[in-house]
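Here, residue 1 is the first one in the sequence, and each next residue gets the next number.
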Amino acid sequence: AHLFPLDFQIAHILGWLLTLAALFMVYKAAQRLQLGSTVQLAMLPFIALISFSQTTDFVHFYSEALSSLVLSISVWFLTRWSYHKNFTNIELITFGLLMGLLPLCKIQAVPMAFVVGVFACIQIFLFQKSKFFRYSSLMIGSILVVWASWSLFLWANDVFDDFVTFYIKANFQYKDNLASATRRSHLVNFFRLPYVIARGSSNFEWVFLPLCLLFLIFAYVSVYRKKISYFSKMDSYFWLMLVAYLAMTDIAVTRTGSFYPHYYHFLFLPFLLLMSLFLKHIPTWSRWLILSAQLGFLYLLLQNIAHDRTTNEYPFYGRNQDISDSKIVASILKYGKKGDYLAVWGWSCNYFVDTQMPQGVNENHTTRSAISQPLQPIYLERYLKDLKRTHPPIFVDAVSDKAIWINDRSKYGHDCFPT
């Protein structure tokens, strides 16, 4: 904050830069895997997505961007070790610190971090068996240092229990029962991911399309032309790891059953590396399939032109129309002023922004306090404690039929909770 203002524009730019940095590290990893000539082609769908997507989940900043960058750097270390067959203390310490920090970037990244960490230990055993104990201890010790330091910091500030409850326990219990969506088993959701991406309107389907087309050609070449000797090399261990990584990514994306498109950031890494691999082993003529993503975005452009719709839904200049609920905001400001605490019951985070009034409670939306779930009593108790602590002059009940998720006043209105 001493260098530049922390506002939404900076957040968008930061998210964009983090995503590009993550892709760059995967690009460098592909070069270590002798895929330098094809990773440049494989990057095209991702660049198209980042450049032309109007989906909120890819335009706005999300914590997946930071965790994706950390994962990409970690995988780059794996490819470096696969190439050089040796390790340095600095590399192992840095890798361990990244693994330790990853759950703090996004706890959903833990399954992928587990695969990456286990494979690092396998590499140490394969390449430096005599130093396995020392090297693995150095790496694991770095992870423990991060968590020991973090735990002491939390304990010193008397929030360790809150961290365990609201970050770890709550996230692992987070399921689609907070939404009104259909509730399927984890196994069904796992296998539904390709279908959800393909049928969706997140724009990520235009990245998924070339992956599928390239895989079909690759499978034909590998099986029918018996060109699978590549996997007899040591690098085959890396690709087996990537398959496990992809499976864990599927679990991370589908576990809650919500299928939020911003979770697809985790798919950038395995998809980019797999497309680079496929492109290397298919006939040159079929590499044109990589442009199917660009054709998809061209189709969207032509569709917008035909229907006289704007292509850029996020212009850099101010809009003429009022995009906020100005009457409600004006009413709030009659009784409070900028800088006062504001408490909102429901899911209308924009009120904090439009009024420039900071949150008087921990949650910017109260789904976990209002909807029945295992930790609801704890969330509701914290909400009440926050009200007593901050004494916000304004309390807004935003539950209505226009709201997200908690839209039934008979079930979720604040008057349904006497306390």
Are the side chains of [X] and [Y] in touch, meaning some heavy atoms are under 4.5 Å apart?
{"X": "Leu92", "Y": "Ser142", "value": "no"}
{"X": "Asp354", "Y": "Ile332", "value": "no"}
{"X": "Asn86", "Y": "Phe127", "value": "no"}
{"X": "Arg368", "Y": "Gln173", "value": "no"}
{"X": "Val75", "Y": "Val116", "value": "yes"}
{"X": "Thr390", "Y": "Val361", "value": "no"}
{"X": "Leu18", "Y": "Leu14", "value": "yes"}
{"X": "Thr19", "Y": "His265", "value": "yes"}

- Item | side chain to side chain contact (heavy atoms under 4.5 Å, CB included) between Lys280 and Gln34, intermediate numbers included | CA-CA 9 Å; Lys280 182 176 181 178; Gln34 310 300 314; 3.8 Å; yes
Can you name the nearest heavy-atom pair linking [X] to [Y], along with the distance?
{"X": "Phe204", "Y": "Phe268", "value": "CE1-CE1, 3.3 Å"}
{"X": "Asp250", "Y": "Asn189", "value": "OD1-O, 4.4 Å"}
{"X": "Pro45", "Y": "Ala293", "value": "CB-CB, 3.6 Å"}
{"X": "Pro261", "Y": "Asp57", "value": "CD-OD2, 3.5 Å"}
{"X": "Trp147", "Y": "Gly100", "value": "NE1-O, 3.0 Å"}
{"X": "Leu380", "Y": "Ser369", "value": "N-OG, 3.9 Å"}

- Message: The test is ring-ring contact (aromatic ring centres under 6.0 Å, His included); show your working for Phe166 and Tyr379 and say whether it passes.
- Response: CA-CA 8 Å; Phe166 296 109; Tyr379 272 91; 5.0 Å; yes
About how many Å separate [atom2] of [Y] and [atom1] of [X], when rounded to the nearest 0.5 Å?
{"X": "Leu273", "Y": "Trp239", "atom1": "CG", "atom2": "CH2", "answer": "5.0 Å"}
{"X": "Leu23", "Y": "Phe46", "atom1": "CG", "atom2": "CZ", "answer": "7.0 Å"}
{"X": "Gln376", "Y": "Thr367", "atom1": "CD", "atom2": "OG1", "answer": "10.5 Å"}
{"X": "His281", "Y": "Ser286", "atom1": "NE2", "atom2": "OG", "answer": "12.5 Å"}
{"X": "Arg287", "Y": "Leu214", "atom1": "CZ", "atom2": "CG", "answer": "10.0 Å"}
{"X": "Asn364", "Y": "Asn350", "atom1": "CG", "atom2": "CG", "answer": "11.0 Å"}

Could you check whether any side-chain N or O of [X] sits under 3.5 Å from a backbone N or O of [Y], counting only pairs where one atom can act as donor and the other as acceptor?
{"X": "Gln123", "Y": "Leu78", "answer": "yes"}
{"X": "Asp7", "Y": "Gln9", "answer": "yes"}
{"X": "Arg80", "Y": "Arg32", "answer": "no"}
{"X": "Asn157", "Y": "Phe153", "answer": "yes"}
{"X": "Thr79", "Y": "Trp76", "answer": "yes"}
{"X": "Ser67", "Y": "Glu64", "answer": "yes"}
{"X": "Lys106", "Y": "Pro103", "answer": "no"}
{"X": "Asp386", "Y": "Asn362", "answer": "yes"}
{"X": "Glu91", "Y": "Asn89", "answer": "no"}
{"X": "Ser53", "Y": "Thr55", "answer": "yes"}

Whether [X] and [Y] hold their rings parallel, tilted or perpendicular, with breakpoints at 30° and 60°:
{"X": "Phe271", "Y": "Phe208", "answer": "parallel"}
{"X": "Tyr260", "Y": "Tyr263", "answer": "perpendicular"}
{"X": "Phe52", "Y": "Phe297", "answer": "tilted"}

- Query: Do Tyr383 and Trp345 have ring centroids that are under 6.0 Å from one another?
  - Reply: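 Aromatic pair counts; centres sit under 6.0 Å.
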- Steps toward side chain to side chain contact (heavy atoms under 4.5 Å, CB included) verdict (Phe278, Leu216): CA-CA 9 Å; Phe278 297 159; Leu216 292 175; over 6 Å; no
- Apply the test side chain to side chain contact (heavy atoms under 4.5 Å, CB included) to residues His414 and Val399: give CA-CA distance (whole Å), side-chain angles for both, the deciding distance (0.1 Å), then the verdict. CA-CA 8 Å; His414 79 280; Val399 178; over 6 Å; no
Does atom [atom1] ([X]) have a neighbourhood of more than 12 heavy atoms from anything else shown, all under 6.0 Å?
{"X": "Phe163", "atom1": "CZ", "result": "yes"}
{"X": "Ile90", "atom1": "CD1", "result": "no"}
{"X": "Tyr167", "atom1": "OH", "result": "yes"}
{"X": "Tyr341", "atom1": "OH", "result": "no"}
{"X": "Phe160", "atom1": "CZ", "result": "no"}
{"X": "Phe259", "atom1": "CZ", "result": "yes"}

- Message: Can you tell me which residue among Phe132, Trp81, Phe95 is in a ring-ring contact (aromatic ring centres under 6.0 Å, His included) with Phe87?
- Response: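 When ring-ring contact (aromatic ring centres under 6.0 Å, His included) is applied between Phe87 and each of Phe132, Trp81, Phe95, only Trp81 qualifies.
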- Query: Of Val39, Leu211, Leu289, which is the lone residue that meets side-chain contact (heavy atoms from CB on, under 4.5 Å) with Met275?
  - Reply: Leu211
- Criterion side-chain contact (heavy atoms from CB on, under 4.5 Å) against Val207, the qualifying member of Leu44, Leu267, Ile197, Leu49: Leu49
- Query: Yes or no on side chain to side chain contact (heavy atoms under 4.5 Å, CB included) for Ile124 and Lys131, after CA distance, side-chain angles and deciding distance?
  - Reply: CA-CA 8 Å; Ile124 295 172; Lys131 300 178 181 179; 5.9 Å; no
